[in-house]
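Encoded as structure tokens, the structure appears first; notes follow it.
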Amino acid sequence: VQLQASGGGLVQTGDSLRLSCASSGNSFRMYNMGWFRQAPGKEREFVAAISRSGEIVRYADSVKGRFTISRDNAKNTVYLQMNSLKSEDTAVFYCAARFSSSLRSYYTETSDYNYWGQGTQVTVSS
């Protein structure tokens, strides 16, 4: 599985961005997906996760109510809609994938995922 993240950029506080992560291959629906981020000097941290079916989503407390994860299995793509961006959201955002036999599972740890995209930079200027 190859993942290609895009959509990052330089925005101002309060702005919105939508990240996309496109997956190669035709088995995208068999993978749990997640978004993580890594700020300079910090460890990579969980942002959001979505089950294979898209019915179950989970968010880090820091982004609840502002970010929305979704997926389009027909387009092999997972999205992260980010609203009300704050300066502390500045980071490189990574998408990740993990094969799963369960329709209702989700994963929030970096060690849970086998495949990672290259990252896309999000910079929020105050």
Side-chain angles (χ1 to χ4, degrees):
V1 174
Q2 292 186 326
L3 303 174
Q4 181 71 38
S6 62
L10 172 63
V11 297
Q12 294 186 333
T13 300
D15 284 351
S16 299
L17 274 178
R18 188 176 82 154
L19 305 183
S20 299
C21 176
S23 173
S24 63
N26 57 7
S27 57
F28 179 73
R29 64 182 66 250
M30 297 299 294
Y31 288 81
N32 283 93
M33 302 299 296
W35 285 98
F36 291 77
R37 66 186 180 186
Q38 188 166 17
K42 295 187 176 181
E43 293 187 352
R44 193 170 298 188
E45 65 175 6
F46 169 73
V47 174
I50 189 166
S51 63
R52 282 174 46 192
S53 64
E55 292 181 357
I56 299 176
V57 296
R58 289 293 184 271
Y59 299 96
D61 288 342
S62 58
V63 307
K64 278 181 183 176
R66 299 188 299 122
F67 291 10
T68 302
I69 188 172
S70 62
R71 66 189 295 162
D72 185 337
N73 287 344
K75 294 183 178 180
N76 291 357
T77 302
V78 62
Y79 304 97
L80 186 68
Q81 176 67 43
M82 305 187 295
N83 298 330
S84 302
L85 282 162
K86 306 175 181 179
S87 57
E88 50 262 45
D89 294 319
T90 295
V92 177
F93 281 70
Y94 298 90
C95 58
R98 171 199 168 113
F99 180 87
S100 175
S101 59
S102 170
L103 284 172
R104 298 185 60 80
S105 61
Y106 62 92
Y107 300 92
T108 62
E109 301 292 331
T110 56
S111 58
D112 291 329
Y113 290 87
N114 310 107
Y115 304 96
W116 293 84
Q118 85 289 359
T120 184
Q121 177 71 48
V122 172
T123 303
V124 184
S125 173
S126 57

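Positions are given from 1, in the same order as the sequence printed here.
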Are Lys64 and Asp61 close enough for a salt bridge, meaning some N to O gap below 4.0 Å? yes
The reported gap from CZ in Arg58 to CD1 in Ile50 (rounded to nearest 0.5 angstrom) is 11.5 Å
Could you state whether Phe36 and Val92 fall into the same hydrophobic cluster, counting links through intermediate Ile, Leu, Val, Met, Phe, Trp or Tyr residues with side-chain heavy atoms under 4.5 angstrom apart? yes
Between Val78 and Phe28 the two heavy atoms that sit nearest each other are N-CZ, 4.0 Å
Locate the shortest heavy-atom distance separating Tyr115 from Leu3; write the atom from each residue and the value. O-CD1, 3.6 Å
Taking the side chain as every heavy atom from C-beta outward, state whether Tyr59 and Arg66 have any pair of such atoms under 4.5 Å apart. no
If every non-hydrogen atom of Ser20 is compared with every non-hydrogen atom of Thr77, which pair is closest and at what distance? CB-CG2, 4.3 Å
Separation between OG of Ser6 and CZ of Arg18, rounded to the nearest 0.5 Å: 9.0 Å
Do we see a donor-acceptor contact under 3.5 Å between the side chains of Gln121 and Thr123? yes
Is any side-chain heavy atom of Asp112 closer than 4.5 Å to a side-chain heavy atom of Asn32? no
As an exercise, state the distance from OH of Tyr31 to CG of Asn73, rounded to the nearest 0.5 Å. 13.0 Å
Is it true that atom OH of Tyr113 has more than 12 heavy atoms of other residues, nucleotides or ligands lying nearer than 6.0 Å? yes
Please round to the nearest 0.5 Å and tell me the distance separating atom CE of Met33 and atom CG of Asn76. 9.5 Å
d(Gln4 CD, Cys95 SG) to nearest 0.5 Å is 8.5 Å
Throw together a table of side-chain donor-acceptor distances under 3.5 angstrom for residues 9-17, partners on residues two or more places apart or in other chains.
from  : atom 1 : to     : atom 2 : distance (Å)
Thr13 : OG1    : Ser125 : O      : 3.2
Asp15 : OD2    : Gln12  : N      : 3.0
Ser16 : OG     : Asn83  : OD1    : 2.9

Establish whether Val57 and Tyr79 are linked, either directly or via other cluster members, by ILVMFWY side-chain heavy-atom contacts under 4.5 Å. no
Contact between Ser100 and Arg52 at the side-chain level, heavy atoms closer than 4.5 Å - yes or no? yes
Should Val122 and Ile69 be counted in the same cluster of Ile, Leu, Val, Met, Phe, Trp and Tyr side chains packed under 4.5 Å apart? yes
Answer yes or no: is there a side-chain heavy-atom contact under 4.5 Å between Asp89 and Met82? no
Non-hydrogen atoms of Ala39 and Ala91 that approach each other most closely: N-CB, 3.8 Å
Kindly assign one of parallel, tilted or perpendicular to the pair Phe93 and Phe67, based on the angle between their ring planes and the thresholds 30° and 60°. tilted
For Gln2, I'd like to know if atom CD has over 12 heavy atoms of other residues, nucleotides or ligands within 6.0 Å. no
Closest non-hydrogen contact found for Phe99 with Asn114 is N-OD1, 4.1 Å
How about Val63 and Arg37: do any of their side-chain heavy atoms sit closer than 4.5 Å? yes
Would you indicate whether the side-chain heavy atoms of Cys21 and Trp35 approach each other to under 4.5 Å? yes
Answer whether the closest heavy-atom distance between the side chains of Trp116 and Arg44 falls below 4.5 Å. yes
Interatomic distance, CZ@Arg71 vs OG@Ser53, rounded to 0.5 Å, equals 8.0 Å
